[in-house]
Visitor: 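Can you read through this structure? Questions will come right after.
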Amino acid sequence: GSVSTKMVITGGGSVGIGTDAPNFPLQIRANNLTNGGAKRIVGFFDTTSAAAGTGAGIALGGWSNGASSAVNDFGVIRGIKENGTAGNYASAMVFLTRANGATPTEQMRITSAGSVGIGTNAPATKLQVAGNLNLETSGGDVGLWLHRTDAREYRLYVDSNGLLNLRDQDAGATRMAFKTDGNLGIATTTPGAKLHVNGDVIFENNGSNINIKNTWSSGNHDINFIG
């Protein structure tokens, strides 16, 4: 029968599998093998006895000082078994980095349920961040979209004027706005006082008083209701 080349090692030390002209130190060309949504060409298998946290990983390293002082684990990506139950192969993806003088530490995880945890290995929601979250842009609005597909859609965002808005996207109206001077507007984006309500206000309490107090430090001052 005919003979075909399956692997080559070039004079420069590059390895080609499925190609006789590798462009990288290791280059593989092959058809994907599929498993559900997974399509893969290379497999890494951890032969450690199954337990929670076992699973293969890929280490990304390099020199830490010129061309010396090798660091094998600048970053690590792992696929792990989430539990210690025999036969249960629920899995997670784990991403690790390291600080100077420290060992690699998990920074982000995607669970078998598809939840993403940053700074936590047990996210209780689709995205859980343990720490501060900074949303930043150099132009335009920046914020969050809050959308329930069977109900309404809202935006909480800072606009180009520095105004913090709560906007009802379905109605096309801003429901509440904070100005940079600390004024709060309800149904207005131009509040002229610490609290500016454009519309009716209901004060309601059952069984006790509702107090409106003027805290001006000297003299007597009225609270006026202007119609």
Side-chain angles (χ1 to χ4, degrees), residues 36-39 75-80 82-83 90-97 99 105-216 221-227:
K39 295 185 177 182
V76 176
I77 303 171
R78 298 186 61 214
I80 67 167
E82 279 188 320
N83 57 78
S91 61
M93 285 286 293
V94 179
F95 301 82
L96 302 91
T97 63
T105 301
E106 179 178 335
Q107 305 295 349
M108 185 173 75
R109 173 178 297 216
I110 305 174
T111 71
S112 60
S115 297
V116 177
I118 300 176
T120 175
N121 61 11
T125 57
K126 283 299 181 184
L127 174 62
Q128 182 174 338
V129 180
N132 295 323
L133 178 64
N134 181 22
L135 303 178
E136 185 175 336
T137 182
S138 59
D141 302 337
V142 60
L144 299 173
W145 291 75
L146 308 172
H147 186 198
R148 183 178 172 122
T149 55
D150 61 347
R152 298 187 77 81
E153 181 176 1
Y154 289 89
R155 287 179 65 201
L156 180 64
Y157 67 98
V158 177
D159 64 23
S160 57
N161 296 315
L163 198 70
L164 176 61
N165 300 270
L166 177 61
R167 182 174 177 82
D168 183 340
Q169 289 296 114
D170 293 277
T174 297
R175 300 304 190 190
M176 188 165 61
F178 285 95
K179 288 181 64 178
T180 55
D181 60 6
N183 289 354
L184 169 63
I186 299 177
T188 177
T189 60
T190 56
K194 289 303 177 186
L195 176 62
H196 183 165
V197 180
N198 180 18
D200 297 334
V201 178
I202 298 175
F203 296 95
E204 183 174 337
N205 201 340
N206 294 322
S208 59
N209 296 326
I210 295 174
N211 299 313
I212 300 175
K213 184 178 182 181
N214 190 329
T215 59
W216 191 263
H221 299 274
D222 296 329
I223 295 176
N224 300 313
F225 297 86
I226 302 173

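Predicted model, so just to flag it, every value in this text is computed and none were measured.
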Visitor: Please name the pair of heavy atoms, one in N165 and one in A177, separated by the smallest distance, quoted to 0.1 Å.
Guide: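 Nearest pair, atom of N165 first, then A177: OD1-CB, 3.9 Å.
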Visitor: Between the main-chain N or O of L163 and the side-chain N or O of N161, is there a donor-acceptor pair closer than 3.5 Å?
Guide: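 Not at all, since once roles are kept as given, no pair shorter than 3.5 Å links the two residues.
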Visitor: Are I110 and F95 side-chain neighbours, meaning at least one heavy-atom pair lies under 4.5 Å?
Guide: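 Result yes, sub-4.5 Å side-chain heavy-atom pair found.
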Visitor: Sequence neighbours left out, what pairs pass side-chain hydrogen bond (donor to acceptor under 3.5 Å, both in side chains) with at least one residue falling in residues 112-129?
Guide: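 Qualifying pairs, neighbours excluded: E82-S112.
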Visitor: Flag yes if more than 12 heavy atoms outside K39 fall under 6.0 Å of its NZ atom; otherwise flag no.
Guide: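 Incorrect, the count does not exceed 12.
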Visitor: Using side-chain contact (heavy atoms from CB on, under 4.5 Å) as the criterion, list what pairs up with V197, not counting sequence neighbours.
Guide: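 Testing V197 for side-chain contact (heavy atoms from CB on, under 4.5 Å), a comparison that skips the adjacent residues, returns I186, L195, V201.
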Visitor: What residues form a side-chain hydrogen bond (donor to acceptor under 3.5 Å, both in side chains) with N198, not counting sequence neighbours?
Guide: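 Testing N198 for side-chain hydrogen bond (donor to acceptor under 3.5 Å, both in side chains), a comparison that skips the adjacent residues, returns none.
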Visitor: Any donor-acceptor pair under 3.5 Å linking the side chain of D170 with the backbone of E153?
Guide: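 Indeed, once roles are kept as given, a pair shorter than 3.5 Å links the two residues.
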Visitor: Do any pairs count as a salt bridge (charged side-chain N to carboxylate O under 4.0 Å, His left out) and have a residue in residues 131-149, sequence neighbours left out, and if so which ones?
Guide: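 Qualifying pairs, neighbours excluded: D141-R155, R148-D150.
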Visitor: Go through the structure and list residues passing side-chain hydrogen bond (donor to acceptor under 3.5 Å, both in side chains) with Q169, not counting sequence neighbours.
Guide: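 By the side-chain hydrogen bond (donor to acceptor under 3.5 Å, both in side chains) rule, Q169 matches R167.
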Visitor: Verify, without hydrogens or angle tests, whether T137 (side chain) and G139 (backbone) share a donor-acceptor contact under 3.5 angstrom.
Guide: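 Yes: the side chain of T137 pairs with the backbone of G139.
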Visitor: If the condition is side-chain hydrogen bond (donor to acceptor under 3.5 Å, both in side chains), which residues does D181 pass it with, not counting sequence neighbours?
Guide: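 In terms of side-chain hydrogen bond (donor to acceptor under 3.5 Å, both in side chains), with neighbours along the sequence ignored, D181 is linked to N183.
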Visitor: Considering non-hydrogen atoms only, spot the tightest contact between L164 and L156 and give its length.
Guide: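 Heavy atoms only, the tightest pair is CD1-CD1, 4.0 Å.
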Visitor: Could you pull out the closest heavy-atom pair between G79 and M93, with the gap in Å?
Guide: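 Where G79 meets M93 most closely, the heavy atoms are CA-SD, 4.2 Å.
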